[in-house]
Amino acid sequence: MAHEVVRRVEEVAARLAATAEDSERLGRLADESVKLVREAGVMRLLQPTDFGGYAAHPRDFAEAVMAVAKACGSTGWVCGVAGVHPWEMALMDRQLQQEVWGENPDTWIASPYMPSGIATPTSGGYVLKGRWQFSSGTDHCDWVFLGALVGDAGGKPAQPSKVLHVVLPRQDYTIVDDSWDVIGLCGTGSKDVVVDGAFVPAYRTIDSEEVARGELAAERAGRTETVYRLPFWTMFPLGITSAVVGIAEGALACHLEYQRDRVMAAGTRVRDDPHTLYAISEAAAEIAASRTQLLDGVSRLHDRAEAGEPITFEDRSTVRRNQVRCAWRAVSAVDEIFARSGGNAVRRTNAVQRFWRDAHVGLQHAIHIPGSIYHSNALTSMGIEPAEQLRALI
């Protein structure tokens with residue numbers, strides 16, 4: 001049974017799709033797109049129930065993101081990225097949760113987590129400075145998660161290094177409006193944000209290692225729901241890869257609609273061309289396999305946490321390996337059908353080309369880089385402990 005939020009997204013899919021061109025032109029999500037996502041409740045799927053959320057199974061979250069991305073890639077991407085932030089906010093101090101959601105449970109939170117700033121300790125907290133790229137959906141958010149290295153007295157990274165996730169309200173950071181000029185996922189508005197000496201109280205910070213391990217942060221936050229005991233590097237990539245798979249599904253749907261009555265240059269109808277039909281079916285199977293494997297991986301980890309069993313590094317590594325492969329498999333399938341869509345597929349009036357561009361830009365995210373993930377998983381599968389640098393993003 002589909003979650004009620006997924007059903008609501010499917011009901012407004014055509015309206016969401018109609019906003020895609022406006023979002024691309026604006027370089028941020030169109031107001032109508034934001035309105036539809038808010039009404040469907042996508043961003044509240046991983047939000048705790050005591051603050052108006054669903055504390056849903058991560059599979060339901062992934063399916064909702066896919067459904068949005070199938071209609072509009074940029075909107076799906078923002079849902080996949082920012083939709084995970086309520087999950088982490090549930091692990092933060094309750095005072096902060098009250099500040100964020102107390103008056104409006106539909107408050108959105110941006111990121112990014114790359115430690116591109118320095119948090120220098122001071123009385124009661126930290127002084128933060130830095131500039132961060134790729135803050136997806138930031139124009140529509142009132143708070144932001146940022147990654148930061150703890151600094152020393154001189155404002156340089158302290159040794160040994162320690163990464164914090166810090167949370168700031170909108171008035172404490174600046175959005176750089178002209179910093180998002182790209183070839184795909186244009187509507188995500190993934191702009192730069194700048195912080196110049198803002199004070200961050202200690203209760204608005206959390207050690208990134210605590211969140212990465214999952215259970216420790218949940219215990220400290222008093223969260224007993226299973227979803228909050230999952231590791232960060234399972235949950236955060238889940239939203240991003242779900243968006244890529246959903247974009248691939250959107251590309252396939254557009255391709256099928258476009259090819260149904262198309263006549264190729266040689267005068268043959270596509271429906272009579274066995275080579276194109278073969279490619280369509282093969283691509284459809286690859287995209288479906290990506291969806292199934294992605295949902296299966298997070299469901300297995302959720303089942304382990306539900307049963308009170310530990311989630312090992314090997315468990316996390318295998319899920320991450322499969323997440324990466326799901327994204328690459330789905331985008332490769334999009335390439336196969338796009339290559340058979342004919343010259344008119346490149347016209348901006350044809351949605352197929354937007355899905356194709358969005359899919360490739362989605363694959364550029366750091367969580368989809370296969371090298372170290374595959375390397376680490378192969379070693380782990382052999383019973384060899386990977387070096388620390390190979391454990392990143394897992």
Side-chain angles (χ1 to χ4, degrees), residues 10 13-14 16-18 20-21 24 62-63 65-77 80 182-187 240-297 321-365 368-371 373-374:
E10 291 172 344
L16 269 173
E21 285 190 35
E24 177 151 285
E63 290 185 329
V65 171
M66 290 181 198
V68 175
K70 182 178 179 179
C72 172
S74 287
T75 309
W77 183 270
V182 291
I183 62 169
L185 294 176
C186 305
I240 295 170
T241 307
S242 295
V244 170
V245 173
I247 289 167
E249 292 177 330
L252 178 63
C254 281
H255 180 76
L256 292 173
E257 179 66 26
Y258 173 58
Q259 296 283 52
R260 183 175 291 112
D261 298 314
R262 177 173 165 248
V263 177
M264 297 184 293
T268 305
R269 295 189 305 174
V270 168
R271 66 177 66 183
D272 297 323
D273 176 43
H275 307 293
T276 301
L277 298 181
Y278 183 99
I280 288 173
S281 287
E282 186 173 56
E286 291 296 282
I287 294 168
S290 294
R291 163 185 275 266
T292 298
Q293 189 171 40
L294 184 65
L295 297 177
D296 177 74
R321 177 200 69 194
N322 291 347
Q323 284 177 331
V324 171
R325 186 62 200 142
C326 287
W328 281 81
R329 182 193 297 118
V331 176
S332 294
V334 173
D335 282 343
E336 290 299 313
I337 56 176
F338 188 73
R340 292 165 175 82
S341 292
N344 284 313
V346 303
R347 297 187 186 279
R348 290 192 178 273
T349 53
N350 191 326
V352 171
Q353 54 77 29
R354 186 178 61 249
F355 280 114
W356 179 72
R357 288 185 288 111
D358 288 350
H360 279 276
V361 172
L363 202 59
Q364 293 292 113
H365 195 285
H368 289 142
I369 297 173
I373 302 296
Y374 286 2

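Below, each value reflects all heavy atoms present in this structure, side chains not excepted, and no hydrogens, waters or symmetry copies.
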_Contact check, side chains of Trp328 and Arg325, non-hydrogen atoms, under 4.5 Å_ = yes
*With sequence neighbours excluded, tell me which residues meet side chain to side chain contact (heavy atoms under 4.5 Å, CB included) with Val334.*
Ala248, Ala251, Trp356
*Considering only heavy atoms from C-beta outward, does the side chain of Gln259 approach that of Arg271 to under 4.5 Å?*
no
_Heavy-atom side-chain contact between Met264 and Thr276 under 4.5 Å_ = yes
*Tell me, do Val346 and Phe338 make a side-chain contact under 4.5 Å, heavy atoms counted?*
yes
*asked:* Could you report the tightest heavy-atom contact between Glu63 and Leu295, atom names first, then the distance?
replied: OE2-CD1, 3.6 Å
*Which atom pair, heavy atoms only, marks the closest approach of Val65 to Ala243?*
CG1-N, 3.6 Å
*How close do Ser74 and Cys186 get, heavy atom to heavy atom, and via which atoms?*
OG-N, 3.8 Å
*Report the residues that fulfil ring-ring contact (aromatic ring centres under 6.0 Å, His included) with His368, sequence neighbours left out, ordered by chain and then residue number.*
none
_Interatomic distance, His255 atom NE2 to Tyr258 atom OH [nearest 0.5 angstrom]_ = 9.5 Å
*Should the pair Glu21-Arg348 be classified as a salt bridge under the 4.0 Å nitrogen-to-oxygen rule?*
no
*asked:* Could you report the tightest heavy-atom contact between Ala333 and Glu286, atom names first, then the distance?
replied: CB-CB, 3.9 Å
_A side-chain contact here means heavy atoms from C-beta on lying under 4.5 Å apart; do Gln353 and Arg347 qualify?_
no
_Which residues pass the salt bridge (Lys or Arg N to Asp or Glu O under 4.0 Å) test with Glu336, not counting sequence neighbours?_
Arg340
*Could you list the residues that satisfy salt bridge (Lys or Arg N to Asp or Glu O under 4.0 Å) with Asp296, not counting sequence neighbours?*
Arg300
*Can you tell if the side chain of Asn322 reaches within under 4.5 Å of the side chain of Leu294, non-hydrogen atoms only?*
no
_Set of side chain to side chain contact (heavy atoms under 4.5 Å, CB included) partners for Ala351, sequence neighbours left out_ = Cys254, Arg354, Phe355
*What do the steps show when you test Trp77 against Val68 for side chain to side chain contact (heavy atoms under 4.5 Å, CB included), and what is the final call?*
CA-CA 9 Å; Trp77 183 270; Val68 175; over 6 Å; no
*Passing candidate, side-chain contact (heavy atoms from CB on, under 4.5 Å) with Ile247, options Val331, Ile287, Asp358*: Asp358
*How many angstroms lie between atom OG1 of Thr349 and atom CG of Asn344, to the nearest 0.5 angstrom?*
8.0 Å
_Pairing residues for Glu282 by the salt bridge (Lys or Arg N to Asp or Glu O under 4.0 Å) criterion, not counting sequence neighbours_ = none
*Could you tell me the separation between the CG atom of Leu185 and the OG1 atom of Thr75, rounded to the nearest 0.5 Å?*
10.5 Å
*Does the pair Val182 and Val361 meet the rule for a side chain to side chain contact (heavy atoms under 4.5 Å, CB included), with working shown?*
CA-CA 9 Å; Val182 291; Val361 172; 5.8 Å; no
*asked:* Ignoring hydrogens, what is the shortest heavy-atom contact between Ala62 and Ser242? Give both atom names and the distance.
replied: CB-OG, 3.2 Å
*Step-by-step salt bridge (Lys or Arg N to Asp or Glu O under 4.0 Å) determination, Glu24 to Arg357*: CA-CA 12 Å; Glu24 177 151 285; Arg357 288 185 288 111; 2.9 Å; yes
*Which atoms form the tightest heavy-atom contact between Ala283 and Ile337, and what is the distance?*
CB-CG2, 3.5 Å
_Contact check, side chains of Leu256 and Ile280, non-hydrogen atoms, under 4.5 Å_ = yes
*4.5 Å side-chain heavy-atom contact, Ser341 and Arg262*: no
